[in-house]
Amino acid sequence: LRALSHRARLKADEAGALLEGTRWQVRANVTTTYATTQALTAATRAYGDEVASLEQTHARVDLMVRIGKRPEVDLLEITDALEEPRAQLADARAERTHVRALLLALLDYPVDQPFALDPLPDRFPTLPTDSVDWNAVIQRAAPVATAELRARQATSGKHLALADFLPKLSLRGNLLGNAGSGVTGTLETWELTLAASIPVFTGGRRVAAYQSAAAAERAADLALRQTLLQQQAEIRGALASLQAADTALEAARKRVAAADEAARIESVRYENGAGTIEDLLRA
């Protein structure tokens, strides 16, 4: 009875851990989808700027071709280059519409409801200090807590299977009251019996049940270890990805600054006849 009660409490704790983990998973999904929508909005704006810049260049080259300063093939090349960012812009707009609908669905709103997004933050997330105890964080994670509760349930199940081999005690009592015309008063008879039953012939059922419960315990322990290692790998991979993203972001800032200057120089060289259309488009 105690083992049954303990296992029932473990099941209730497991349900609570699953509920809390699901809450955090939904929060993570909403946060990720919101950030993706912000990123797609910024990407759409960037593609729009690229299209506008190429359209201005196309207009200048068209004028230069008409006055005979540049060959017509330059205009054809820039026309070809203009169509690619236009297609990318259309794809980004379609993907943004899709992600916005997913975000509204997660928030239980109509998918066509308009809403405003906060702009991307000026500061991006940074790595926490080295003083964070990541092992403690992993132990509190919902998948690890759920796997640990399941392992404890399996241990309780093995105890229940073992209890079938133990003797069982039973206490039984009878109280009889006899009354009749030939009896003065009431004649009471009572009986109290303490019995012990010992399992002798089981046909292997109890042994098989115990072996099955022991195997389930080992499987649950292995699942707990696997879940723990998986969470450790995921959090270390996430930390490494964040470091790599920060490095890539810093490199992108430098590349943008260099590209702006290169585009300015190549534009001047092209208009003066010193550069080619390929150099200008690449810049």
Side-chain angles (χ1 to χ4, degrees), residues 28-107 109-125 241-283:
N29 290 341
V30 170
T31 303
T32 302
T33 310
Y34 189 91
T36 303
T37 308
Q38 288 178 309
L40 286 171
T41 300
T44 302
R45 189 181 305 112
Y47 284 130
D49 292 343
E50 184 179 5
V51 168
S53 177
L54 285 173
E55 286 176 346
Q56 291 178 358
T57 305
H58 184 278
R60 293 201 309 270
V61 173
D62 182 44
L63 179 60
M64 296 172 72
V65 168
R66 280 187 291 172
I67 63 176
K69 189 176 181 181
R70 282 291 178 177
E72 188 174 357
V73 67
D74 285 4
L75 184 61
L76 295 176
E77 288 192 22
I78 199 169
T79 301
D80 179 68
L82 177 59
E83 296 307 314
E84 182 178 359
R86 280 177 174 170
Q88 292 172 332
L89 176 60
D91 289 340
R93 285 172 175 169
E95 186 64 21
R96 183 184 61 177
T97 302
H98 177 225
V99 176
R100 284 169 67 98
L102 287 178
L103 177 60
L104 288 169
L106 282 171
L107 298 174
Y109 289 127
V111 294
D112 57 349
Q113 176 174 327
F115 66 94
L117 286 171
D118 290 335
L120 286 172
D122 294 333
R123 296 182 58 187
F124 286 87
S241 297
L242 187 57
Q243 289 176 331
D246 187 63
T247 302
L249 183 63
E250 184 61 29
R253 291 193 181 101
K254 295 178 181 179
R255 290 180 61 193
V256 167
D260 285 341
E261 182 63 16
R264 185 188 67 81
I265 294 174
E266 289 298 335
S267 179
V268 173
R269 292 181 70 246
Y270 180 79
E271 291 179 357
N272 293 329
T276 65
I277 188 63
E278 289 83 4
D279 295 334
L280 176 62
L281 293 177
R282 188 181 306 111

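Quick caveat: nothing in here was measured; it's all calculated off a predicted structure.
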Residue pair T57 / I78: nearest heavy atoms and the distance that separates them: CG2-CD1, 3.1 Å
E83, CD atom: more than 12 neighbouring heavy atoms under 6.0 Å: yes
For L103, the option from T36, T32, T37 that meets side chain to side chain contact (heavy atoms under 4.5 Å, CB included): T37
Candidate pair Y34 and L117, rule side-chain contact (heavy atoms from CB on, under 4.5 Å), full reasoning: CA-CA 8 Å; Y34 189 91; L117 286 171; 3.3 Å; yes
Residues, nucleotides or ligands: over 12 heavy atoms within 6.0 Å of E72 CD: no
Heavy-atom side-chain proximity of E84 to E50 below 4.5 angstrom: no
Interatomic spacing from CD in Q56 to CZ in R60 - rounded to 0.5 Å: 7.0 Å
Test item: V99 and E95 side chains (from C-beta on) under 4.5 Å apart, heavy atoms: yes
Minimum heavy-atom distance between L75 and D62, given as atom pair plus value: CD2-OD1, 3.5 Å
Distance-minimising heavy-atom pair for P85 and L54: CG-CD1, 3.5 Å
Heavy-atom donor-acceptor pair, Y47 side chain to R93 backbone, under 3.5 Å: no
Side-chain (S267) to main-chain (A263) donor-acceptor, under 3.5 angstrom: no
Ion pair check, D49 and R45, cut-off under 4.0 Å: no
Any T247 side-chain heavy atom under 4.5 Å of Q243 side chain: no
Closest heavy-atom pair and its distance - Y270, D74: OH-OD2, 2.8 Å
